[in-house]
Amino acid sequence: MLCGPVHTYTVYEHERKGTCLTKGSGKLVVFDLAFYAVMPYAIWMITRHSLSDYHALLLSTVPGFVYTIGRFAKERSWNVTGIFLIAALLIGTTVDLLSGDAETMILNNIRTLLVFGVFFLATMLAKRPMALYFFADTARVLGWLPEHARGRERLRDEELMPYFQGLTFLFALRYVAIAIVKLALFSIHGVEGYALLIWWRVALSWGFGALILLASLYVAGRVRKRIEG
């Protein structure tokens, strides 16, 4: 299963609730770890001896799939970020279902991550960085910017564009980094190392999510300064 922007979105949720130490945000951390790490790990370890590796892998992706759909339905995020999240989830699930065996499923997941990384780089070359759309959606929810400055057109400023290009590069780098680490671990451990892949995937996603949040806060400050100056 792909790690789309959902981990970054969770970190944004922590910011909206004030701090990662609040009760509400603490629940998000617990739920994320449960559905993206603990449950997949437990399902894989329990079912791999009674099912084929491929079917055990497929079952391990179910908790994350259901949780992501549930979060989307609850938030009703019919914006670019939400649509991208669901599209990434459906693409990843379709690739998993069409893979046919465990080795192919893991390798196809790595290829898909690289494709998403290339997609983000392509939006940079097209001067339509995806991070600009993510930022516009997020700023509206978190109140990072004044009401009159939350439209995408206000963000399409030549002086601001390099910041959104940089944010987009971080998203691309996350996909590529996760793909490289998964490929390295798979090359060493094969399917047997899938449990290790789960924890590395979550750790990298959270790490990059925190980095992207900090970068987004910095960009929000630059945008405010540009608009008010």
Side-chain angles (χ1 to χ4, degrees), residues 2-20 25 28 68 71-72 75-92 110-181 204-229:
L2 287 176
C3 280
V6 66
H7 291 93
T8 304
Y9 177 77
T10 299
V11 180
Y12 285 152
E13 279 288 284
H14 296 156
E15 174 67 18
R16 181 168 68 86
K17 294 174 183 295
T19 172
C20 287
S25 61
L28 288 176
T68 302
R71 284 278 297 279
F72 180 83
E75 298 297 330
R76 298 179 181 178
S77 302
W78 292 107
N79 49 35
V80 174
T81 303
I83 293 172
F84 175 82
L85 175 63
I86 292 299
L89 180 65
L90 293 177
I91 290 172
I110 293 170
R111 295 184 185 106
T112 306
L113 286 168
L114 291 174
V115 168
F116 273 97
V118 171
F119 168 75
F120 274 88
L121 293 176
T123 67
M124 292 174 61
L125 294 176
K127 297 184 178 180
R128 292 291 186 273
M130 282 298 294
L132 186 149
Y133 299 94
F134 293 163
F135 183 88
D137 294 338
T138 303
R140 186 179 299 110
V141 175
L142 302 184
W144 282 349
L145 302 175
E147 188 68 34
H148 67 277
R150 296 180 187 177
R152 293 175 198 157
E153 294 306 318
R154 294 300 301 270
L155 301 177
R156 295 184 187 279
D157 186 291
E158 289 187 3
E159 291 191 19
L160 297 176
M161 192 58 64
Y163 298 108
F164 293 117
Q165 294 278 43
L167 274 178
T168 303
F169 180 76
L170 285 179
F171 276 100
L173 184 61
R174 180 178 64 170
Y175 281 108
V176 173
I178 294 174
I180 291 174
V181 170
L204 286 171
S205 293
W206 271 94
F208 272 100
L211 179 61
I212 291 170
L213 171 61
L214 291 175
S216 297
L217 291 171
Y218 174 76
V219 172
R222 301 303 299 181
V223 172
R224 283 195 300 269
K225 183 177 180 180
R226 173 63 174 166
I227 292 173
E228 295 169 359

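Atom set for the values below is all heavy atoms of this structure, side chains included, hydrogens, waters and symmetry mates excluded. Sequential numbering from 1 along the given sequence is applied to the chain's residues.
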CG (Leu132) and CE (Met124) are apart, to the nearest 0.5 Å, by 12.5 Å
Separation between CZ (Phe135) and OG1 (Thr81), nearest 0.5 Å, reads 11.5 Å
Calculate, to the nearest 0.5 Å, the distance between atoms CD1 and CZ belonging to Ile212 and Phe169 respectively.
-> 11.5 Å
Side-chain heavy-atom pair Ile178, Ser205 within 4.5 angstrom cut-off = yes
With side-chain contact (heavy atoms from CB on, under 4.5 Å) as the test, would you mind laying out the steps for Tyr133 and Phe84 before giving the verdict?
-> CA-CA 10 Å; Tyr133 299 94; Phe84 175 82; over 6 Å; no
Using residues 113-123 as the side-chain source, report each donor-acceptor pair under 3.5 Å to any protein atom, sequence neighbours left out, with the distance given to one decimal.
residue, atom, partner, partner atom, Å
Thr123, OG1, Phe120, O, 2.6
Thr123, OG1, Met130, N, 3.4

Counterpart residues, side chain to side chain contact (heavy atoms under 4.5 Å, CB included), relative to Glu159 (two or more places apart) | Asp157, Arg226
Value rounded to 0.5 Å, distance of OG1 in Thr112 from CD1 in Ile91 | 8.0 Å
Can you name the side chain to side chain contact (heavy atoms under 4.5 Å, CB included) partners of Leu214, sequence neighbours left out?
-> none
Contacts of Arg128 that satisfy side chain to side chain donor-acceptor pair (under 3.5 Å) - sequence neighbours left out = none
Output the distance between atom CH2 (Trp206) and atom CG (Leu213), rounded to the nearest 0.5 Å.
-> 10.0 Å
Can you name the side chain to side chain contact (heavy atoms under 4.5 Å, CB included) partners of Ile180, sequence neighbours left out?
-> Val176
Can you list every side chain to side chain donor-acceptor pair (under 3.5 Å) pair that touches residues 161-173, not counting sequence neighbours?
-> Tyr163-Arg222
